[in-house]
Amino acid sequence: MRRSELEAELERHHTAAFGWALSCCGWDRDMAEDVLQESYLKVLDGRARFGERASFRTFLFAVIRRTAAEARRRLAIRKVLPLSRLERRAEGRSPSTDPGERVLRSESSAQLLAALDVLPQRQRQVLHLVFYEDLSIAGAADVLGISLGTARTHYERGKERLREVLGSQGG
Amino acid sequence: MPEHVDQDLREKFARLRAEVDDIVPPFAMPAVRRAPRRVGHVWAAAAAVLVAVVGTWYVTSSGESQVPYAIDLAATTWEAPTDFLLEIPGSALLDSIPGIGIEVPVIVEPTPQAIDTSI
C-alpha cells in the first residue's frame with residue numbers, strides 16, 4: 001500500500017481510532033493523542049506493516065493496542081522513579097484516577113466508564129470493540145490477538161459483569 | 001444471539017460514542033522519521049564493511065611478516081642437557097640379546113670417577 005493510500009485510510013478511521021486509543025489509555029485524552037500519533041508513525045514509516053490479511057481497521061486497532069501497552073509500561077516505570085513526583089509537582093497537577101474525568105461530563109457516560117473500569121482489561125476491550133466500534137467478536141479477537149473462543153468467553157462474562165455493576169449503580 | 005438482547009448496552013455505548021465524537025482532535029499527519037533511520041543503517045553498514053576490510057588486511061599482512069621467522073619443527077632436534085644421566089654403566093648388556101655359546105664380554109665396573117661411556 002502506498003503512502004498516500006495509507007494516509008487516506010488513517011484519516012478515514014481517525015474518529016474510531018481515537019475512541020479505541022482512549023479506551024486503551026484508560027480514557028486519558030493526552031495519552032490517547034500521543035498513542036495515536038505514535039501508531040500513525042509506525043504505520044507510515046513501516047514499523048507496522050499492513051499485510052492485508054485482515055481489514056485495515058483491524059490492523060490499525062492492533063497497532064494502537066500494542067502502542068498503548070508500551071506507553072503504559074513506560075508510565076509505570078516513570079511512576080516508580082522518584083523523578084516523576086518532582087515532574088508532577090512542577091506541573092502543579094496530580095494524576096487522575098477517575099476514568100474519563102478529563103474527557104466526558106455526562107453522567108450516563110461517566111457511569112458506564114466507571115463500570116467498565118471494574119472489569120478485567122480483556123473483557124473491557126472486547127466489549128468496547130463490539131459495542132462501541134461495532135466489530136464482530138471475530139474482529140475483536142483479531143485486534144486483541146486471541147482466539148475466537150477466548151474472545152467469546154470474555155464477551156459473555158464481560159456483559160454479565162457489566163450489567164451487574166451498572167445495576168448496582170442504579171444505571 | 002439476537003441483537004435486541006443487548007440493546008441496553010448498545011444504547012449506552014452509542015451515547016458514549018456520540019460524546020467522544022464531539023471531542024475528537026482534528027486529523028494530523030505525523031512527521032515521518034524514516035529518512036534519518038535509513039541514514040543510520042547506511043553508516044552502520046559502511047562501518048561494518050570498513051572493519052571487515054581492515055581486519056582482513058591485518059590478518060593477511062601479519063601472516064606474511066611471520067614467514068621469515070617461522071621455525072620448521074620437523075627439521076630440528078633437541079637434546080636435554082641432562083641426557084648423560086641416562087647413560088648407565090653396562091647399557092650394552094641391556095640392549096643385546098644373550099645366546100648359548102656366545103662369549104659374553106666380561107665387564108669391569110669402572111669407578112664412578114672414571115665412567116667410560118664408549119662401551
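Chain letters run A, B, ... following the sequence lines, proteins first and then strands; every chain starts at 1. Computed from a predicted model, the values in this text were never measured in an experiment. Every heavy atom of this structure was used, including side-chain atoms; hydrogens, water molecules and symmetry mates were not.
Enclosure of atom CZ in R157(A) is not indicated, since only 12 or fewer non-hydrogen atoms of other residues, nucleotides or ligands lie within 6.0 angstrom. For CD of E70(A), the number of neighbouring non-hydrogen atoms (other residues, nucleotides, ligands) closer than 6.0 Å is greater than 12.
Between atom CG of residue D8(B) and atom CG of residue L166(A) there is a gap of 8.5 Å, rounded to the nearest 0.5 Å. The CD atom of E7(A) sits 7.0 Å away from the CZ atom of F27(B) when rounded to the nearest 0.5 Å. Separation of atoms CG (L22(A)) and CG (L16(B)) is listed at 9.0 Å; rounding is to 0.5 Å. Rounding to the nearest 0.5 Å places CZ of R10(B) at 6.5 Å from CG of D134(A). L9(B) contributes atom CG, which lies 7.5 Å from atom NZ of K159(A) (distance to the nearest 0.5 angstrom).
Annotation: side chain of R163(A) is in contact with side chain of D6(B) (closest heavy-atom distance under 4.5 Å).
Residue F18(A) comes nearest to V20(B) through the heavy atom pair CD2-CG1, 4.0 Å, listed as atom of the first residue, atom of the second, then distance. Closest approach of R17(B) to E133(A), counting heavy atoms only: NH1-N, 4.4 Å. Considering all non-hydrogen atoms of both residues, S108(A) and R15(B) come closest at OG-NE, 3.6 Å.
Side-chain atoms of H14(A) come within 3.5 Å of backbone N or O of P25(B) as a donor-acceptor pair.
Of the two parts of L116(A), only the side chain, counted from C-beta on, holds a non-hydrogen atom closer than 4.5 Å to a non-hydrogen atom of chain B.
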